[in-house]
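Presented below is the structure to which this report refers.
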Amino acid sequence: LGTMTTPELRQAVSGLPGTVAEVLDLTVRDGFEQALIDEGAIPKLLAMMNFNESESNQRKAIVSIHNIVAGANDRKKLVAQAGALKPLVQMLDNRAPNVVQAKAANCIKNIASGSSELRDQVCDLGAIPILVGKLADGNDKEVQGNCAGCLWTLAGGSDSRKDKVIAAQGVPALVRLMRPTEPNDKLLENASGAIKSISAGGTRHEDACIEGGAVSAMVEVMLHCHVAGVLEQCAGGLMNLSGREGVRNELINVCDKLLEIWDREPKVRPGLASMFDVMVRKTDNDRREKMRKLNMHTRLIPMMRSNDPKQRPVDAASAVAWLIGHEEDHPDLQGDRSMFELFKDCLQYALRNETFHGISYPVSMPLQGLSRLATSEKNKPLIAEINLKDILDVLDPDIPLSRGDNSVTQLAAVQTVTGVIFAAALTDDQRSRVRRILEHLKTKGKNDEIRKEAGLGVFNLDRQKETPVVSANKLKRVQTKKGTGHVMLSYSWAHQKMMLMVKDWLESAGYTVWMDVEMMEGSVLEAMADAVEQAACVVVCLSPEYKESNACRTEGEYAYRLKKSIVPVKPVNYEPQGWLGALLGNKLYYDFSRTAASGKLVQPDMGTRDSFLNAIAKSVKPGAAPKPHNSTASAATTLNQSTAGTPGLSHGEEKILDELKKVKALVEKQQKQLNELQSKVNAGGSTSALTEDDRRELRQIAAAGGSSCCTIS
């Protein structure tokens with residue numbers, strides 16, 4: 001046609017509506033879109049969007065506008081400013097033919113994709129309830145598909161627009177379109193894309209999708225559909241929702257089918273890698289083991305090593321770390337520094353609040369991967385070399401731009417640092433900085449778990465500094481007389497139920513047992529250290545969780561260092577690796593794995609139980625140590641229970657009962673005295689409020705043995 005200002009172009013515009021076919025022809029030729037706007041075509045085309053025009057002219061006018069705005073956001077804004085949105089929304093009315101409604105929805109989507117402001121303008125015109133209404137069964141498939149696509153665009157990037165879609169019952173309407181047998185691929189892709197967009201909001205948006213049946217619908221579509229675009233959107237939606245335990249478990253149950261999709265559809269792998277990462281990162285070891293057995297990691301490792309950002313190497317690396325990163329000498333990871341370098345780069349970008357590979361990763365993501373890797377001895381030196389500085393930058397209170405202010409981030413970082421302390425040879429500068437930061441977190445950490453982890457790190461730093469002379473003196477000081485002391489149970493919380501049963505066996509056999517049942521409060525490390533030091537025997541509960549816990553490792557290694565008798569028990573079928581395997585050496589363990597069968601506790605055979613008790617008897621005699629009490633009040637309660645309802649006693653039993661009553665009276669008297677002294681302390685604000693007579697009274701109570709928890713400063 002020559003130039004954009006040819007007489008032919010002007011003639012076509014001036015001849016509207018009669019020349020709409022010629023204008024439509026111009027819109028598909030490169031470079032004429034802006035010229036049509038400049039010549040005033042938009043108002044004339046909009047004037048044709050009324051129910052008095054022929055169906056053909058309505059359609060041609062809408063398609064002309066659609067073509068004019070395609071691909072250029074500045075033209076979309078100009079067309080919207082010309083008043084295009086209102087008549088386009090009106091053309092969604094049932095009075096318009098289906099083909100016109102479908103083209104109108106597509107044109108609205110195209111204009112709205114230009115900016116968040118344009119999407120808000122569409123919402124302000126009341127388009128969302130109209131679009132949702134068009135999704136109803138019985139409507140034209142093209143209309144449904146284009147309206148779903150328009151909702152997909154409108155829901156993007158704004159919680160308030162997502163809320164409007166949810167309020168209009170958009171989620172169940174979209175879910176109804178997601179039938180695995182649906183032949184219209186574009187409809188399926190747009191509906192699943194809209195659900196993915198809505199689910200990417202906050203908790204209320206996730207709830208709306210889950211309650212609207214989106215999870216089952218997307219799973220069914222993924223299992224039966226072979227269209228890459230549809231599978232990509234479903235994978236993205238399920239990834240957004242897989243942080244919820246119920247959704248995650250549903251996905252793990254069909255993990256074998258999802259891996260078949262992985263093998264079949266390369267285009268879907270990046271979305272699946274992101275979903276798998278959330279699945280393995282937020283579940284338990286039993287479910288991770290199920291995914292390991294399906295060889296999920298062998299599929300993810302090539303993506304982790306890919307140089308193509310579109311392959312989501314960070315997501316793949318995170319999933320691999322959680323699947324096999326904790327294992328010692330795993331053949332797929334030996335000598336591989338790429339994962340540590342990848343986490344380093346990702347963490348540095350996240351700390352600068354910049355996108356990495358086009359994605360805004362939270363600081364916590366690479367840190368959680370590193371915390372998992374830090375449970376393997378071979379990984380600790382690599383983390384110290386490659387990642388430690390950046391991790392400490394997250395935690396350092398002296399760095400104002402530090403982003404370790406989130407409890408999830410802070411916990412992952414401090415767990416990694418504490419884990420590295422065990423095996424990595426830190427430089428003097430590293431050790432000094434680690435100590436300063438952990439000392440700060442011992443009291444200033446975001447929660448108790450963080451403060452405890454920081455305390456463990458400081459404890460182990462101190463232990464590493466001990467000279468041979470200091471260590472020998474401590475060993476001599478804490479050695480218990482043969483046959484005395486309590487039995488300490490050292491275990492991971494994942495196996496508490498079984499260890500409570502072991503505690504009952506031991507107490508029934510007359511042993512005094514130390515077990516942290518409700519998580520120690522206050523001076524946790526001192527209580528743990530004291531429990532190990534005063535133990536005659538330490539029962540270690542072997543499990544993957546024990547091996548990966550910094551707290552459990554501190555207990556186990558401290559018991560080993562103090563040459564305590566260690567009796568290992570196994571609640572699950574597990575062969576100890578790394579530090580735990582080295583600590584146990586050739587020790588025989590007692591297999592209680594039957595107690596965990598089918599999730600129910602089952603009593604082991606009597607032979608196993610008796611062998612276990614015989615092993616304990618070699619280190620400590622029943623009743624050799626006084627049972628610890630939380631207070632004299634608990635002792636009084638125990639005595640009240642033990643002396644109630646005991647008719648028909650023999651003479652010997654009556655003498656025992658008399659003695660018990662005397663003890664009970666003494667305990668009650670001491671409790672009253674202690675309460676009075678505590679009131680003085682509370683009133684005065686410190687123990688300085690106690691007089692010398694008060695302190696003498698405390699010493700008398702302690703000498704009488706009535707209170708095992710009094711500490712006289």
Side-chain angles (χ1 to χ4, degrees), residues 155 159 162-163 165-167 169-180 188 191-225 230-262 268 271-294 296 300 315 318-319 322-323 362 364-365 368 372 407-408 411-412 493-497 544-545 596 598-600:
D159 285 353
K162 297 182 204 295
D163 291 338
V165 177
I166 292 169
Q169 296 299 305
V171 171
L174 289 162
V175 167
R176 283 194 295 271
L177 299 179
M178 296 171 63
R179 301 182 181 95
L188 265 181
S192 54
I195 290 293
K196 181 187 79 169
S197 185
I198 295 167
S199 66
T203 301
R204 64 181 183 277
H205 306 111
E206 295 174 2
D207 288 340
C209 291
I210 293 170
E211 292 165 7
V215 176
S216 298
M218 287 189 287
V219 169
E220 284 300 307
V221 169
M222 286 202 74
L223 297 182
H224 297 93
C225 180
V230 176
L231 294 172
E232 285 181 72
Q233 302 311 320
C234 287
L238 290 169
M239 189 274 289
N240 292 338
L241 299 172
S242 57
R244 300 295 188 90
E245 184 177 5
V247 177
R248 206 162 51 241
N249 292 343
E250 186 171 345
L251 293 173
I252 292 171
N253 288 337
V254 295
C255 193
D256 54 339
K257 303 296 182 185
L258 295 175
L259 289 171
E260 289 176 9
I261 296 170
W262 175 289
V268 187
L272 287 174
S274 299
M275 183 170 74
F276 290 158
D277 170 47
V278 179
M279 288 165 59
V280 300
R281 184 157 37 100
K282 296 191 174 184
T283 193
D284 56 41
N285 277 334
D286 289 341
R287 291 184 173 89
R288 284 192 201 105
E289 180 61 27
K290 178 178 179 179
M291 290 181 273
R292 274 196 294 272
K293 287 180 178 178
L294 293 170
M296 180 184 284
L300 289 162
D315 300 67
S318 178
W322 281 92
L323 284 166
S364 61
M365 188 199 186
Q368 287 177 322
R372 179 69 166 174
S407 60
V408 175
L411 178 60
W493 285 77
H495 301 289
Q496 188 187 72
K497 286 185 179 179
E545 293 85 357
S598 305
K600 295 182 178 179

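- Between M218 and C234, the shortest heavy-atom contact is SD-O, 3.8 Å.
- Across every non-hydrogen atom of R288 and T283, the tightest pair is NH2-O, 2.7 Å.
- Just one of V247, D207, V278 meets the side-chain contact (heavy atoms from CB on, under 4.5 Å) condition when paired with L241; it is V247.
- Side chain of S197 to backbone of A194: no donor-acceptor contact under 3.5 angstrom is found.
- Once rounded to the nearest 0.5 Å, the distance linking CG of L231 with CG of L223 reads 9.5 Å.
- Taking all atoms of both residues into account, the shortest heavy-atom contact from A191 to L174 is CB-O, 3.9 Å.
- M279 approaches S242 most closely through the heavy-atom pair CG-CB, 4.4 Å.
- Rounding to the nearest 0.5 Å gives a distance of 5.0 Å between CG of D284 and CZ of R287.
- The distance from atom NE2 of H224 to atom NZ of K257, rounded to the nearest 0.5 Å, is 9.0 Å.
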*Might you work through the side-chain contact (heavy atoms from CB on, under 4.5 Å) test for R204 and I166, ending with a clear yes or no?*
CA-CA 10 Å; R204 64 181 183 277; I166 292 169; 5.8 Å; no

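- Using modelled atom types, one side-chain atom of R248 and one backbone atom of K282 make a donor-acceptor pair closer than 3.5 Å.
- By the 4.5 Å heavy-atom criterion applied to side chains, T203 and R244 are counted as neighbours.
- Side-chain atoms of V171 and E211, non-hydrogen and from C-beta on, never get closer than 4.5 Å to each other.
- Across all their heavy atoms, A319 and L300 have their closest contact at CB-CD1, 3.6 Å.
- Residues M365 and D315 are in side-chain contact: their nearest non-hydrogen atoms beyond the backbone lie under 4.5 Å apart.
- Checking side-chain atoms of S199 against main-chain N and O of K196 turns up a donor-acceptor pair under 3.5 Å.
- Side chain of D277 to main chain of A273: no donor-acceptor pair is present (N/O by atom type, distance under 3.5 Å, no hydrogens or angles).
- Side-chain atoms of Q368 and V408, non-hydrogen and from C-beta on, do get closer than 4.5 Å to each other.
- Salt-bridge annotation for E289 and R292: present, with a side-chain N of the basic residue lying under 4.0 Å from a carboxylate O of the acidic one.
- Taking every heavy atom of both residues into account, L188 and L177 meet most closely at CD2-O, 3.9 Å.
- Expressed to the nearest 0.5 Å, how far CG of L258 lies from CG of L238 amounts to 8.0 Å.
- Residues C255 and K290 fail the side-chain proximity criterion, which asks for heavy atoms closer than 4.5 Å.
- Rounded to the nearest 0.5 angstrom, E206 CD and I198 CD1 are separated by 12.5 Å.
- Residues H205 and D163 meet the side-chain proximity criterion, which asks for heavy atoms closer than 4.5 Å.
- Using a 4.5 Å heavy-atom threshold, the side chains of M222 and V254 count as separate.
- To the nearest 0.5 Å, atom SG of residue C225 and atom CZ of residue R179 are 14.5 Å apart.
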